[in-house]
Amino acid sequence: VQLQASGGGLVQAGGSLRLFCTASGRTFSSYHMSWFRQAPGKEREFVAVISWSGSSTTYADSVKGRFTISRNNAKNTVYLQMNSLKPEDTAVYYCATTKRYGSNLREYDTWGQGTQVTVSS
């Protein structure tokens, strides 16, 4: 599977953005999907994961209550709705696939190219 992330941009603090990750290939629905992010000078960190069926989701504490991950297997797309954005959410956001549900970066084998999110104060 190949991944294409989009939807990033520049937004003021308190605003919203919706990220998209579209996958090519017929096996999308068999993968758990996640969003990670990486700010300048920092390590890549977990944001959210959704199970292959969409029935389970897990979030990093830093985004819980503000971000929502969802997916549409018919459209081979996973979404990240980001509300109440803060300057500390500024990062490049990556989508990724895994066969093992969780937040461990090492378990993810396919990555999109990333989309930049910048939140101004």
Side-chain angles (χ1 to χ4, degrees):
V1 64
Q2 293 182 322
L3 305 174
Q4 178 75 36
S6 61
L10 173 63
V11 64
Q12 289 187 332
S16 298
L17 280 176
R18 194 182 198 199
L19 304 185
F20 303 80
C21 177
T22 302
S24 61
R26 296 177 295 175
T27 59
F28 173 79
S29 60
S30 66
Y31 290 95
H32 309 306
M33 298 292 299
S34 279
W35 289 95
F36 286 77
R37 67 186 181 186
Q38 188 166 17
K42 295 188 176 181
E43 294 187 350
R44 193 168 298 188
E45 64 175 5
F46 168 77
V47 174
V49 59
I50 187 166
S51 62
W52 67 269
S53 66
S55 61
S56 296
T57 57
T58 303
Y59 297 90
D61 287 344
S62 59
V63 307
K64 203 172 294 183
R66 300 188 297 120
F67 291 10
T68 302
I69 189 171
S70 60
R71 67 190 295 163
N72 184 330
N73 287 342
K75 294 184 177 181
N76 279 12
T77 302
V78 63
Y79 310 93
L80 186 68
Q81 178 66 43
M82 306 186 295
N83 299 328
S84 302
L85 282 161
K86 305 175 181 180
E88 52 263 44
D89 295 319
T90 295
V92 177
Y93 284 70
Y94 299 89
C95 54
T97 66
T98 184
K99 286 287 191 178
R100 179 172 289 186
Y101 185 90
S103 60
N104 188 345
L105 181 149
R106 295 180 180 85
E107 297 288 349
Y108 287 80
D109 51 15
T110 301
W111 294 82
Q113 86 290 358
T115 185
Q116 176 71 47
V117 172
T118 303
V119 184
S120 63
S121 58

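FYI, the numbering just counts along the sequence from 1.
- For the disulfide (SG to SG under 2.5 Å) condition, the pairs that include at least one residue of residues 47-121, sequence neighbours left out, are Cys21-Cys95.
- The backbone N or O of Tyr93 lies less than 3.5 Å from no partner atom in the side chain of Thr115, so there is not a single donor-acceptor pair.
- Partners of Tyr101 according to the ring-ring contact (aromatic ring centres under 6.0 Å, His included) rule, which considers only residues two or more places apart in sequence or in another chain, are His32.
- Residues satisfying the side-chain hydrogen bond (donor to acceptor under 3.5 Å, both in side chains) criterion with Ser70, sequence neighbours excluded, are absent altogether.
- For Gln116 against Val92, the heavy-atom pair with the smallest separation is OE1-CG2, 3.2 Å.
- Taking each heavy atom of Ala48 and Leu80 in turn, the nearest pair found is CB-CD1, 4.4 Å.
- Both Leu17 and Val119 belong to a single network of hydrophobic side chains, linked directly or stepwise wherever heavy atoms of I, L, V, M, F, W or Y lie under 4.5 Å apart.
- The line from CD1 of Ile50 to OG of Ser55 is 8.0 Å long, rounded to the nearest 0.5 Å.
- Every residue was checked against the salt bridge (charged side-chain N to carboxylate O under 4.0 Å, His left out) condition with Arg106, not counting sequence neighbours, and none meets it.
- Among pairs with a residue in residues 1-10, none fulfils side-chain hydrogen bond (donor to acceptor under 3.5 Å, both in side chains), at least two apart in sequence or across chains.
- Residue pairs that meet the disulfide (SG to SG under 2.5 Å) test with at least one member in residues 32-79, sequence neighbours left out, do not exist here.
- Atoms OG and CD1, on Ser56 and Ile69 in that order, are 11.5 Å from each other to the nearest 0.5 Å.
- Side-chain atoms of Thr22 and Asn76 include no donor-acceptor pair closer than 3.5 Å.
- Here Thr68 contributes atom OG1 and Met82 contributes atom CE; the two are 11.0 Å apart, rounded to the nearest 0.5 Å.
- Contact record, Ala13 with Ser121: CB-CA, 4.4 Å, taken as the closest heavy-atom pair.
- For the salt bridge (charged side-chain N to carboxylate O under 4.0 Å, His left out) test, residues two or more places apart in sequence or in another chain that qualify with Arg37 are Glu45, Asp89.
- Each of Tyr94, Trp35, Tyr79 was compared with Leu19 under the side-chain contact (heavy atoms from CB on, under 4.5 Å) criterion, and only Trp35 meets it.
- Once rounded to the nearest 0.5 Å, the distance linking CG of Asn73 with OG of Ser53 reads 8.0 Å.
- The two residues Val78 and Phe28 make their nearest non-hydrogen contact at N-CZ, 4.2 Å.
- For Ser120, the side-chain contact (heavy atoms from CB on, under 4.5 Å) test picks out Leu10, Gln12, with sequence neighbours left out.
- By the ring-ring contact (aromatic ring centres under 6.0 Å, His included) test, Tyr59 is found to be paired with no residue, residues two or more places apart in sequence or in another chain being considered.
- Qualifying ring-ring contact (aromatic ring centres under 6.0 Å, His included) partners for Phe36, counting only residues two or more places apart in sequence or in other chains: Phe46, Tyr108, Trp111.
- Contacts classified as salt bridge (charged side-chain N to carboxylate O under 4.0 Å, His left out) and involving residues 107-121 (residues at least two apart or in different chains) are given here: Arg100-Glu107.
- Atom NZ of Lys99 has more than 12 heavy atoms from other residues, nucleotides or ligands within 6.0 Å.
- How far CZ of Arg66 is from CG of Asn83: 9.0 Å, rounded to the nearest 0.5 Å.
- With sequence neighbours excluded, the residues that form a salt bridge (charged side-chain N to carboxylate O under 4.0 Å, His left out) with Lys64 are Asp61.
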Inset, instruction - Assess whether side-chain contact (heavy atoms from CB on, under 4.5 Å) is satisfied between Leu105 and Glu43, documenting all intermediate values. - result: CA-CA 11 Å; Leu105 181 149; Glu43 294 187 350; over 6 Å; no
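- Thr110 and Val1 get closest at one heavy-atom pair: CG2-O, 3.2 Å.
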